[in-house]
Amino acid sequence: MPKVTETVLEIDLDSLAHNYNFLRSKLNPTTKFMAVVKAFAYGSEAPATAIKLEKLGVDYLAVAYANEGIALRNGGIKTPILVLHPLAANFASIIDYGLEPSIYSIKILLEFLEVANSMNQKDYPIHLKFNTGLNRLGFGENDLELVSDHLLKATDVRVVSAFSHLAASEDKSERAFTLDQIAIYETIFHKLGGNLGYVPMKHILNTSGIINYPEAQFNMVRSGIGLYGYGNEPSVDAHLKPMATLKTLISQLHRIGTHESVGYNRAYLSDKPRVTATLPLGHADGIGRHYGNGNTFVSINGQKAPIIGNVCMDMIMVDVTEIDCQEGDEVIVFGHHPTAEEFAFTAQTISYELLSGISQRVKRVIIGK
Ligand SMILES: *Cc1c(COP(=O)(O)O)cnc(C)c1O
């Protein structure tokens, strides 16, 4: 590995392949795999990740918003792309770029039908999203008749899949609720098929769903976080490899005396002579202020260096009093140790937020192939 000379997010495509193969091994051979690459592939690098996933043979990709799908098409991606949360303003470009919208309300359905019609579409692929308890996006069971009526009249579109999303698939204590969601979904799906006269694809599981409810894998699963190396519980994490490692280096060391302060608002005060290291990344890079003031540590030469004082926009300071280190030494912010899950946990957040929040200022470096 070349020496780190600036802050980089290293993206290991071999780890991505490992995680994909692990998740696949939990599924029946005929179950399709939708890889969720929204938010720059959970803060990594969407086109490179999607190209690798395409080579690995994923059946579908999913993004949250239309512009993310357009970026993938511009990157040469040919795999079908589901847009999970399209907005009406983007329907024309969704069709132009061959993206497949998730249709989640009567209003959105009518707006999409109008655009599809005005663009002379026939059997344009759409997906129907049903709300079974998350109460975020989706039709309710009461909308079924109206949705079916509109769809039976329309030749512009064809329903490729009808899906739902679990609220607490990682939460063992919510097992009864989750099984209920799956049962509600099955009822809705059955009625919809009867109304339409054909059977779309059926999918409800995210990563933790694959692990905890494999019996509900139906025709396809949608996995995001697992592909990036996190499984929402240690026993799953043990089989996965973090795809992204955030690395930086020590810019400067300071030797401070007793009762000296470090950083803005003098938030850290030394209790004894200490050595601090200044690192070239801050909250503008996605390491928020909640990681400061001793909450979280980074790893330097295999040892824990706590973040001290307030996180600045472009820098953080860590305590290296007990660590044998030099200016220019490599620093692991998160990756294999600490993992993004461990790092996030110290500030009461989750790997999803930490990973997807690494800002575009941080250079992405792809390793593996
Ligand atoms: C983000 C998302 C997923 C992926 O969830 P993971 O927990 O990352 O596997 C799946 N489905 C929908 C609807 C999503 O919004």
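Whatever order the structure lists ligands and atoms in, that order sets their numbers, starting from 1.
Residues with a heavy atom under 4.0 Å from ligand 1: V36, K38, Y42, L84, R136, H165, N206, T207, R222, S223, G224, I225, Y352.
Here S15 pairs with D12 under the side-chain hydrogen bond (donor to acceptor under 3.5 Å, both in side chains) rule; sequence neighbours left out. Under the side-chain hydrogen bond (donor to acceptor under 3.5 Å, both in side chains) criterion, S235 pairs with E233, not counting sequence neighbours. Judged as a side-chain hydrogen bond (donor to acceptor under 3.5 Å, both in side chains), and not counting sequence neighbours, the contacts of N195 are S148.
Under the 4.5 Å side-chain heavy-atom criterion for ILVMFWY residues, no single connected hydrophobic cluster contains both Y268 and I287.
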Would you sort out whether K78 and E54 count as a salt bridge (charged side-chain N to carboxylate O under 4.0 Å, His left out), showing the intermediate values? CA-CA 8 Å; K78 301 276 188 291; E54 205 167 57; over 6 Å; no
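Taking both residues in full, the closest heavy atoms of Q121 and M119 are given as NE2-O, 3.0 Å, listed atom of the first, atom of the second, then distance.
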